[in-house]
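Notes to accompany the following structure.
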Amino acid sequence: MTLAEQLQAEVDPDRLRDHLNWFAQVRRDTGGPGEDAAAAYLADTLRAAGVQVEVHEFDAFLSYPRQARLALLGPEGFEPACVTHSFTRSTGPTGLRGPIRHLPDLDFRGAAGEIVLVDGLCTPITVLEASRAGVAAVVFANQGNVVHNMIATTIWGTPSADQLDRMPTVAAVSIAKPDADRLKRLLADGPVEVEVETEVETGWYRSKLPEAYIPGTDLADDFVLVGAHYCSWEFGITDNATGDACLLELARALQAHRGSLRRSVRLCWWPGHSHGRYSGSTWYADTFFQRLAAHCVAYHNVDSPGVKGATMYVARHTTAEVEAFCAGVIGRMTGQTEPPIHRPSRAADQSFLANGVPSFSTYPFLPEGHPDRKAWTGGCANAWWWHSSEDTLDKADVDILTLDTAISLTAISELCTASVLPIDPTAAAREIAAYAESFAEATQGHLEAEAFVEASRDLVAAAEAFARRARGAETAVGQAEANRTLMAVSRVLLPLAYTKGGRFSHDPAEWSPIMRNTKSSVFPGLNPALSLTDLAGRHEYGFVRAGAVRSLNRTLDALGAATALCREALATSSA
């Protein structure tokens, strides 16, 4: 049997079931007693399996929605069930009272001091725009029959002092679609007065982050990072107790076969995912930045495996460098040889892209047409119970979770034993080159983008030549040189593709939490320039163009550095 086959055989469905039964009894708010109990359970379980474990403790800026009330006043008044959201404003015990206005176009201009009704989830960018417009309160009309818990800040992790102006200043509640429809019918007949009352506790709380360490052998300094958040909304069985159980089985199986692993594995259970906008993974990324930069070969995020009915696999949050590797693992394990590819979105504890660490996930989704699948959800395999009180034990499937755990073990073991890492710089280079062509066309007459196109073509040529040499490396020295260059190139290109602020900061989560099916890299620094044609003649044009010129300079510098790394490796590499 191969190592991957031995690891797959280690997965114990009964252990997975036992873990889920334990988690089903414990609410796991970050910084609360449930998290303390869960951290202890994780650490005790790992130690019982002989796994090295450390429980990190740190202070994080977190926010807890405690209670909410929405009352429709008048002769047809009623009080719909509602929730408030992390980092939104508390109204105080007297609440807010006034007429409510429906804003179907999300245009908050002229809504200062008002209570407004908007359609959809409580997304961070909507809350930021409402706050900047001076809106008093927002009532979110969710799309389904359950109310979804959300976090409302765009700030990624614990804020730095210069980010505090992004803190929400608006009160917010969410209601389910039937109640929202009733409210809209009343509004169609005339003015409706409402009362909104919310209590949200926001401040500094102690957090616990369990980390398991499986040491490798001859390449033990390098490691694969595996993460899953263990905080949750409500009891959060498929978001993410199933992921937590998966990681426990990963650690147990890898520990049993650690003598066959060349590289090490670090498995982390993230706090603060739900109440701190990924404060746990952000703390880890900041605290261990140098270790990650020097030695992390890839990040594998595990979120919402083992969902009943989830049989369609997606290479989600997967960067171009490891797309072929991730898709290959899914294909070999499931027979789905052409899984959809999703590039990383600004969600799901993707806190390591700024450091240039390749990312991949092997997500099971509900297939198209499944009655439980809802397009607006971001987790739980796209199921309707995401982020709600309905995410309970009956929503998990241990057989599917067993397969999902085996898939992750296969990917991790292959990364830990590969002589040459399955990181493909040519895939990243070609994606950049394709973007450069479209960018130059879209900004023609506004920017000089020819140098971007040429630099991207140079990178493709250099990356292709280097990749051929790397794949053919036969000696230990040659393989080590190839791996160092593969990691170094990713450290340059990934921050370019996925950040505005560069390697040492965390861009805000300004996108919708719904993770779209896209293979495009994001290039958030350059994308604003795509609007230059539409902005021509307007006041904002010059500002956007100035930012685009600076982003082009950064881009050319990064492409030149990555090209030089590939050429240097070609010139000096051993056979």
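Here the structure is a predicted model, which means the values were calculated and not measured.
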Measure from the ring center of [X] to the ring center of [Y] and say whether it is less than 6.0 Å.
X	Y	answer
Y230	W270	no
F439	F452	yes
H300	F360	yes
H295	F223	no
H446	Y541	yes

Could you measure the distance from the [atom1] atom of [X] to the [atom2] atom of [Y]? Nearest 0.5 Å is fine.
X	Y	atom1	atom2	value
D557	L552	CG	CG	12.5 Å
L496	L353	CG	CG	12.5 Å
L493	L459	CG	CG	5.5 Å
Q336	T311	CD	OG1	7.0 Å

Practice item. Specify whether H539 and F543 have parallel, tilted or perpendicular ring planes, treating 30° as the upper limit for parallel and 60° as the lower limit for perpendicular. Key: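 Correct class here is perpendicular.
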With the side chain counted from C-beta on, respond yes when [X] and [Y] share a heavy-atom pair under 4.5 Å apart, and no when they do not.
X	Y	result
V127	M150	no
E249	E10	no
V357	L494	no

Exercise for review: May I ask you to decide if F466's main-chain N or O and R469's side chain share a donor-acceptor pair within less than 3.5 Å?
Suggested key: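 Absent.
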Review point. So among F288, Y284, W283, which one has a ring pair (Phe, Tyr, Trp, His ring centres under 6.0 Å) with F58?
Key: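 Only one option passes, and that is W283.
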Indicate whether any N or O donor in one side chain lies under 3.5 Å from an N or O acceptor in the other, for [X] and [Y].
X	Y	answer
T126	E129	no
D239	H229	yes
D404	Y313	yes
S345	Q350	no

Report, as yes or no, whether the 6.0 Å neighbourhood of atom [atom1] on [X] holds more than 12 heavy atoms from other residues, nucleotides or ligands.
X	atom1	value
E5	CD	yes
E448	CD	no
R550	CZ	no

**Study point:** Intermediate values then yes/no, side-chain hydrogen bond (donor to acceptor under 3.5 Å, both in side chains), H273 and D349
**Key:** CA-CA 7 Å; H273 173 101; D349 283 296; 2.7 Å; yes
**Study point:** Pair E437 + R457, salt bridge at N-O below 4.0 Å
**Key:** yes
